[in-house]
Amino acid sequence: MRPLVLFAAVAALASLGAAAAPAPSGAAPGPSAAVPGPAATAEARGVARAAARAAREGIRWGRCTGQDAMPGTARCGTVTVPLDYARPGGPAVRLTVSRSRATGTTGTAGATGATGATGATGATGGTGSTAGTTAPVPRQGALVLGPDGPGASGMAFPAVALLPEWKPLAAAYDLVGYAPRGVGRSTPLLCADPAGRPAGPRRAPTRPSEAFKRERRAEAQRYAEACARRGGAALRHHTSLNNARDLEVLRAALGEPRLTFLGTGYGGYLGALHADLFPHRVRRMVLDSPVRPDPAGVWYRDVLERSAAFERRWADFRAWTARHHDAHGLGTDPRAVARAYARTAARLSARPAAGTVGPEQLHAAMLAALRSDDLWPHRARALADHLLGDDRQLLAQAGPLPEAGAQAARAAAEQNSRAVYTAVKCNDAPWPTDWKVWDADGTRLARTAPFETWHGVWAHLPCAFWKGPRQEPRDVRTAPGELPPVLILAAERDAAAPYRGALELRGRLAGAALVTERDAGSHGLADGRNACVGGHLRDYLLLGRLPVGGEAACAPRPGPRPRPGRAARGTERATAPAVGGPPAPSAGPRGGGPQARPSTSSATLLRRPV
């Protein structure tokens, strides 16, 4: 799962810009929502009823056990939400929730903010100072994480309170994570038996034959039918709008008058939906690497647009690898690196590594790396070592876990994630039902963006056969003064959430501010890797301050360092003759796949792709 990456060096805040809107005068609203009038929709009345009940009941906190266990002092509980908000007294879903309480003190000395982190337009992050202070920090409420996905869990979020870079935020905020409906223990959804998932290597051609297309269409239809059969009547209620309503009930259960929220990728879209539905219930909101909210793009056009973005990131990876030829020996120019990748895919097609890693597994691992620069040195080393006859790195990054129990648990989690992802995406919006439309669009796009295009087609093709009603996507938009200013973070070359989406969202949420990481493409910027971005984020969350003029540009974070392997000692052997065949996209649900975890820092603690 893609890491939700969260802040590094934390400290002083300054360089103050426009202030976020203050709370309305008079008494703050209570944690429950006012009951809407008779003109409100049945769902709106259901949300008000569920929120009022959640505010009365609160959350009974206890130990975090099983798959939710984590280090530190986090406690876990549940919140009950209606399956169908039009019938709030009907069947219910129990959401699992985790929390670490605000510590009230940073316990740090000499920390600095983003001073000197100059952006592309000269912008800097916070420049104030809390150096040497251990004074008590006033509690600001709960900071709720909206995980990426759909299909990801945010239950591990409170564990970041243990990291030094998180202490200022953990001092001021309770850190709250949760598993959205259907995910993990939150009334889990499954469409297929994890034990029945193909465990062996699979083909992943960039120019699929008609026979291969028929095979994948049949597989997609079977999966959609399995979802309908196993999900039953509840399946239709797995939607983004219901996820946003659940977030509002969670806010009430926490006893918070207004929501302070951080969402990455799909979590950013979820936050935008909540802001549109409940603007009076928003305190502060960070939408990190948000997906495009245009109703016309949700979700089919979004899938198509990402193909070109992934092609750019694939080019970025090849250029970086070529610059570090001395370390990895994969070629001195991007075309040579592409040939090395093609050789690897061809060799794995002819003879899968350990009988488990074939072209699809390789491609899934590479797609995950295109979402995070941190993984580039690991993927480059795996490719180089494989071409030298050493598959240990490749198996560690793209193969099954060696312990059977751990592998079974991962397979179950992946099937659960895939089921929720598919259900939400398919339920959210209309999709083409004619295969000819998918085939024509995929064929056209693959001419210029072959690396990810067919992966996107296969991952979402079950939506062509989906049973049940489709929703019309909500036209997210707020008027001036309706919503407190929100902060949007985005990288110009993000493939999972192309930059165009952040620009559009800023125009839709009146008063929103945008911080851009120039010439960078890692998905998720709230990781502290860029001091300039982190300074603006801390200014906003801790002080309610936005960039001057509502926008700021930051220079890119430092690039990843190469990870030399055997290739550094035998570069000439890494360019062996090709066995044949080009690289190919995989068919996993989101290109996540097994990933190397280069560290246990905040940048790799939590993971989940869009």
Side-chain angles (χ1 to χ4, degrees), residues 6-24 111-131 140 143 165 168-169 172-173 258 260-264 268 271-272 275 279 282-290 478-494 499-520 524-557:
L6 296 164
F7 329 155
V10 179
L13 306 170
S15 194
L16 311 175
T112 58
T115 306
T118 304
T121 60
T124 61
T127 56
S129 176
T130 57
Q140 295 200 37
L143 174 61
E165 59 265 36
L169 289 164
Y173 286 102
R258 288 181 292 274
T260 304
F261 179 81
L262 167 63
T264 293
V282 174
R283 176 179 176 267
R284 291 176 191 160
M285 186 169 279
V286 179
L287 308 179
D288 180 10
S289 308
T478 61
E482 185 179 9
L483 175 74
V486 304
L487 180 65
I488 300 171
L489 310 177
E492 284 186 320
R493 301 182 71 81
D494 188 345
Y499 184 63
R500 177 182 176 186
L503 295 174
E504 181 173 320
L505 184 59
R506 186 191 180 197
R508 287 174 172 269
L509 301 179
L514 174 64
V515 174
T516 299
E517 186 177 21
R518 299 295 189 197
D519 197 30
L525 305 188
D527 61 355
R529 294 291 302 280
N530 187 309
C532 172
V533 174
H536 287 295
L537 188 144
R538 294 188 299 274
D539 276 349
Y540 176 71
L541 279 179
L542 293 176
L543 301 177
R545 289 169 172 158
L546 295 171
V548 174
E551 62 181 331
C554 295
R557 69 190 69 189

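Remark: side-chain polar atoms of Glu517 are not paired, donor with acceptor, to backbone N or O of Cys554 under 3.5 angstrom. When atom types are taken as modelled, the side chain of Asp519 and the backbone of Ala555 share no donor-acceptor pair closer than 3.5 angstrom.
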For this session: Given side-chain contact (heavy atoms from CB on, under 4.5 Å), test Leu483 with Met285 step by step and report yes or no.
Result: CA-CA 10 Å; Leu483 175 74; Met285 186 169 279; 5.9 Å; no
Exercise. Step by step, would you call Leu541 with Thr260 a side-chain contact (heavy atoms from CB on, under 4.5 Å)?
Worked result: CA-CA 8 Å; Leu541 279 179; Thr260 304; 4.1 Å; yes
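Qualifying side chain to side chain donor-acceptor pair (under 3.5 Å) partners for Gln140, counting only residues two or more places apart in sequence or in other chains: Tyr173, Arg283, Arg284. Looking at residues two or more places apart in sequence or on another chain, you find a side-chain contact (heavy atoms from CB on, under 4.5 Å) between Ala512 and Val486, Ile488, Arg506, Leu509. Listed by chain and number, the residues in a side-chain contact (heavy atoms from CB on, under 4.5 Å) with Glu482 are Pro279, Thr478, Ala479 (sequence neighbours excluded). Annotation: salt bridge (charged side-chain N to carboxylate O under 4.0 Å, His left out) contacts of Arg508 (sequence neighbours excluded): Asp294, Asp475, Glu504.
With values rounded to the nearest 0.5 angstrom, Glu551 atom CD is found 11.0 Å from His536 atom NE2. The CG atom of Asp494 sits 11.5 Å away from the OG1 atom of Thr516 when rounded to the nearest 0.5 Å.
Contact record, Pro547 with Leu487: CD-CD1, 4.2 Å, taken as the closest heavy-atom pair. Minimum interatomic distance between Asp288 and Ala526 (heavy atoms only, all atoms of both residues): OD2-N, 3.1 Å. Residues Gly524 and Ser289 approach most closely at N-OG, 3.0 Å, considering heavy atoms. Between Leu546 and Pro485, the shortest heavy-atom contact is CD1-CB, 3.3 Å. Heavy atoms only, all atoms of each residue included: Ala502 and Ala490 are closest at CB-CB, 3.4 Å. Shortest non-hydrogen contact noted between Pro290 and Leu489 is CD-O, 3.6 Å.
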